[in-house]
Every structure is written in structure tokens, then in C-alpha cells.
Number of protein chains: 2
Amino acid sequence: MNEQLQPLKKPARTAKAGRSGTQDDIVYAHIFEAILEQRLAPGTKLSEEALGEIFGVSRTIIRRALSRLAHESVVLLRPNRGAVVASPTVEEARQVFFSRRMVERAITELAAQHATDEQLNELRQMVRDERDSFSRGDRGAGIRLSGEFHLKLAEAAGNAPLVSFQRSLVSQTSLIIAQYESGNRSHCSYDEHMQLIDAIEARDAEQAVSLMMHHMDHIDSKLNLDEDSASDDLHAVFSHLLKKPKAAAKG
Amino acid sequence: MNEQLQPLKKPARTAKAGRSGTQDDIVYAHIFEAILEQRLAPGTKLSEEALGEIFGVSRTIIRRALSRLAHESVVLLRPNRGAVVASPTVEEARQVFFSRRMVERAITELAAQHATDEQLNELRQMVRDERDSFSRGDRGAGIRLSGEFHLKLAEAAGNAPLVSFQRSLVSQTSLIIAQYESGNRSHCSYDEHMQLIDAIEARDAEQAVSLMMHHMDHIDSKLNLDEDSASDDLHAVFSHLLKKPKAAAKG
DNA sequence: TTTGCATTCTTTGTACACAAAAGCATAATC
DNA sequence: GATTATGCTTTTGTGTACAAAGAATGCAAA
């Protein structure tokens, strides 16, 4: 129990998730990222004390982060029984996908109208990163970047409530995929992402929406009722952030 | 500063807003209701200590409630500077209404498919309450019931993510109306609400959606760039909850 | 009179301590 | 041997104290 990260560095990309750079935003972003990358399995218990120790902050901060995640339905907060990573049921998964289709359609249309060249370049870069992640075997990062692509697209649409909603839906989708995805065919996504950007750049809203709906179909079709496992151990999940005590642990 | 409410009773109807009946849900619901009823004006400072004193709870509880409200964009949480009731800009208002049209369309279609007779009866009762509120001059309750009607409709649609999003949108809409509504023609809404239920009960999705879109148009058309005022004083806003010290105030 | 700076004061940010609730294990009884 | 009750432990819920960051005010100088 003597391992903890000391400077509390921000995670790779997701740091912009919060309002300012306060501690709880960092914790939030780390846990969010861990879920996006499926290093935290649905149902995993998220002990306040354990997380506080890992991140080197008090339970107050952890609690705030968990509360925020719970509001996005990524974490389930059971009264007097603590927090766990949410385990969406099949019905809940269906509802999330319904909402996502609706939102993605709107986002795609708006993005085709409003996306700036700079935003399109950023999107292309994200897809390249996503492709690279998969090609070097880093499935976790690939899935995260795939989710962030959809989030970035929402930002390009220029509608704040949609961005907020999309954030919640993308996280939940990642959770659902973690729980129900059959094969690892998720690496197909970057091709479709690139085509989508092409259509948006061409300002062809109709084509873009059509591509997006097919993309949704593909994600949908990858799901069945299997359950796979990610790590259950908080220290293992965040081990890359921990300073390992070398020989003699702390005086 | 010796006034405070002691048993911390739940507000009229909105109590179901939270997960369980804990204190912070009650505080959340009270503030939420005050905003829905436009007793809290946009820009009003929400001091943690003052609210804690009013509700008779510690700042911890208040902070949680404010955090939740902030996540719904109803309250703005400025780092190190405290919380204020959000003041949506014209552009933000435009974005909220765009999202609402999208969500209301989906909700209406789903409700036309899935709404049970019991839900329809509840909706009708809400519209009657809304009408009664306006007819007896209680504009605040009418506006709140109007918002809750749209929330209830979302529940009848049977899609949890949509309900959550709708809650946020309805609150923000109320805020926008508080800031930008020109006349008090909001009392027209219950007629349209009733027609909507009729169409849904007839399972005429097309007609229901058409009515809903017109309803949105009407709400839209009532807005201009005027600003009206609601109360600024926290104690006044929550005065109906406060025990008034009669003669000699507390030793 | 106005503007700039410094000091004070209010208000939030964080940690911690205590209390209460749920879960678990053990033991006793049927 | 199985089942239930009880107390024990672990974990969360809440209040409070202390620290830090802004905001306001007053004073001085231009």
C-alpha cells in the first residue's frame, strides 16, 4: 500500500475534459480514460480510499470525480455501498445506441456545415493516431481515440449541449463494447472515420450522414451477449502512473 | 441570519429528481425547482455558506447539489469564485433550442409508440394542473409544470439517456425563458400540451411530431433580447421554507 | 477627483475526523 | 449439517477546520 503517484500528472489527451486544471479534473480524466481504454471492467468496485491512495489525494477529490462519472452513467453510485463501473444491460445498451444514432446524425449534419479546416485537420490527425495505435497492437489506445474522434466531431458541430450529451454516450458505448463485443473487429473503424471526414470536407451532408449511419450499424453488429474481462485490480490498472518502490520501501 | 428550515422537507413534486432521498437530493431539488419557477434569476450568486444556513446542512451537501446543477449547465461553477445561476447567451440559447427540437422529435415518436395508458393519464393530469396554476395566477408553478410535462413525456418515451438529456435541456430552457421571454404568453402552452397527448394516444406519430414542432416554434417565437428580473435574495426566494422567528429570536 | 497599490476580508478548495450503515464472518441453535 | 442471529470490520456519509485564492476597500499619490 505504499505506492502512489506523486506529481499527479495529467493523462495523455483527455485532460481537456474538465473546466480547469484542478486535481479532481485530473482524477476524473484518468478514470474516464481507463474506462475508455477498457482497462476498467464493468462491475469493478471503485473504492474511494484505494483511489485516493493511488492518486495521492483525499477522498473528497475522488468522490467528486466519481460523482461526475456517475452523472454520465459511466459509474454507478449505490447509496452506502460505494461506486462501481456501470454494467449496462442489453436494454440500456439498446437505448444508448438509439440516442447515439440520433445525436450522430445531428452532429454530422452540423459538422458538414460548420467544421473549419483546422478542425478537419485535427480530426484527420486523430484518425491517423487511431490507425497507428491499432497497427502497433495498442487496442486500448485505439478504442480511446475512436471515442475521442466522435467527441471531437461533436465539438466541430459547435453545439455545446450536444457535446456534453455525446461525451456521456461515447463513454457508455465504450463500456457496452467492453461488455458485449464479440470479436476485435473494432479496428475497422478508422477507415470509416476517414471516409466520413472526406464527405464532411466536401460539405456533402447527405453522404456524410449516410456514412455515419452505416458506421453505427457496424458498431451495432459487432455486439452480442458475450462478456469479456478487463483487469479488476485498481493498482494494476493505474500501474503506469505509480512509482514503484525499488528495494527498501519508504524508511 | 437566524432563520433556517429545520426538518428539511421535500419540495412539491420534483423530489423524484434524485437517486435516493438523501439530503443533497432534497437541496438539489429545491434549487432546481426555484430555477424552474424562475424565483432564481440568471446571474444570482449561490453562496455555499448562505445556502447551507438556509437549508440547515453543511457546505458539503450544498456543494454536491451545486456540482450536479453545474453538470446540467443550470449553474455556472467558476473556479475559486463560487457558483452563480447560469446566464445563457443568445448563442447558447440557440444551441439549446436546436437540441431540444431534436430530442423532442425523438421523444414524441417514441412516446407515440410506447406510452402506456397510465402514463397518458398522468400526463393529462399534469396538463390540468398546469392550466389550473395559470388560471389562478400562479405563473411560477405553471412554468414548472410545463417543464415537468416535457420531462414526463421523455420518461414515457422509455429511453434513459434521453430523459437525462431532456432534464438538462428543460432546465436551461426555463432559464432562457426567464432571461429572454417578452410577454407572459407562456400560458398558451397547456392547450398545445393537451392536443399533443391526444395525438399520442391516437398513436398518430406524424401528427404528434408536427404538433410538437409547432409547440417548439411557439416557445421560440416568444423570445427576444429583453431581460426581466426575478428575485436576487436567497432568503426571499426560499422564504416559504424558512421558519420565521416570531418575537424573540432564539435566546 | 481619479487611479493604482496594498492590506484585509470574504469565500472557496482540500483534507481529515467522526459517525453510521452495510457486509462478512463466526458461532450457536434447530 | 444447515440456517439464522449477532458482533465485528470495512467503507461510505457528513461535518468541520484550516489553507489559499479572489474581491473589496481604504489610502496615498498624481
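Below, read A as the first sequence line, B as the second, and so on, with proteins coming before strands; counting in each chain starts at 1.
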Might you point out which heavy atoms bring A/Val103 and B/Met102 nearest each other, and give the distance in Å? CG2-CE, 4.2 Å
Protein-nucleotide distance (A/Glu48, atom CD; C/dA15, atom C1'), rounded to Å: 14 Å
Can you classify the ring geometry of A/Phe55 versus A/His30 as parallel (below 30°), tilted (30 to 60°) or perpendicular (above 60°)? tilted
Evaluate the criterion side chain to side chain donor-acceptor pair (under 3.5 Å) for residue pair A/Tyr28 and A/Glu72; output intermediate values, then yes/no. CA-CA 12 Å; A/Tyr28 166 84; A/Glu72 293 178 0; 2.9 Å; yes
Which donor-acceptor pairs under 3.5 Å do the side chains of residues 73-82 of chain B make with protein atoms, sequence neighbours left out?
residue, atom, partner, partner atom, Å
B/Arg78, NH2, B/Arg81, O, 2.9

note: A/Glu53, atom CD; C/dC16, atom P; distance rounded to Å ~ 12 Å
Between D/dT14 (C1') and B/Phe55 (CZ): distance, integer Å: 17 Å
So which nucleotide from D/dT14, C/dA21, C/dA15 ends up closest to the side chain of B/Arg64? D/dT14
Taking CD1 from B/Ile62 and P from C/dT12, how many angstroms apart are they, rounded to a whole number? 11 Å
Contact check, side chains of B/Ile107 and B/His150, non-hydrogen atoms, under 4.5 Å: no
Check the interface with nucleotides 17-20 of chain C: list each N/O to N/O pair with the protein under 3.5 Å, or write none.
none

Mind checking whether B/Phe32 and B/Arg167 have side chains closer than 4.5 Å, heavy atoms only? yes
Of A/Ala83 and A/Thr60, the one whose closest nucleotide on DNA chain D sits nearer the 5' end is A/Ala83
Nearest to the A/Ser58 side chain among D/dT12, C/dT14, C/dT12, which nucleotide is it? C/dT14
Which residue pairs satisfy the side chain to side chain donor-acceptor pair (under 3.5 Å) criterion with at least one member in residues 157-166 of chain A, sequence neighbours excluded? A/Glu104-A/Gln166, A/Asn159-B/Ser99
Of the nucleotides D/dG13, C/dA15, C/dT11, which has the atom closest to the A/Arg63 side chain? D/dG13
Expressed as a whole number of angstroms, how long is the span from B/Asn80:CG to D/dG22:C1'? 7 Å
Euclidean distance, atom CD of residue B/Glu49 to atom C1' of D/dT16 [Å, nearest integer]: 12 Å
Nucleotide C/dT10, atom C1' - distance to CZ of B/Arg78 in whole Å: 14 Å
How long is the line joining CZ of B/Arg81 and C1' of D/dA20, in whole Å? 16 Å
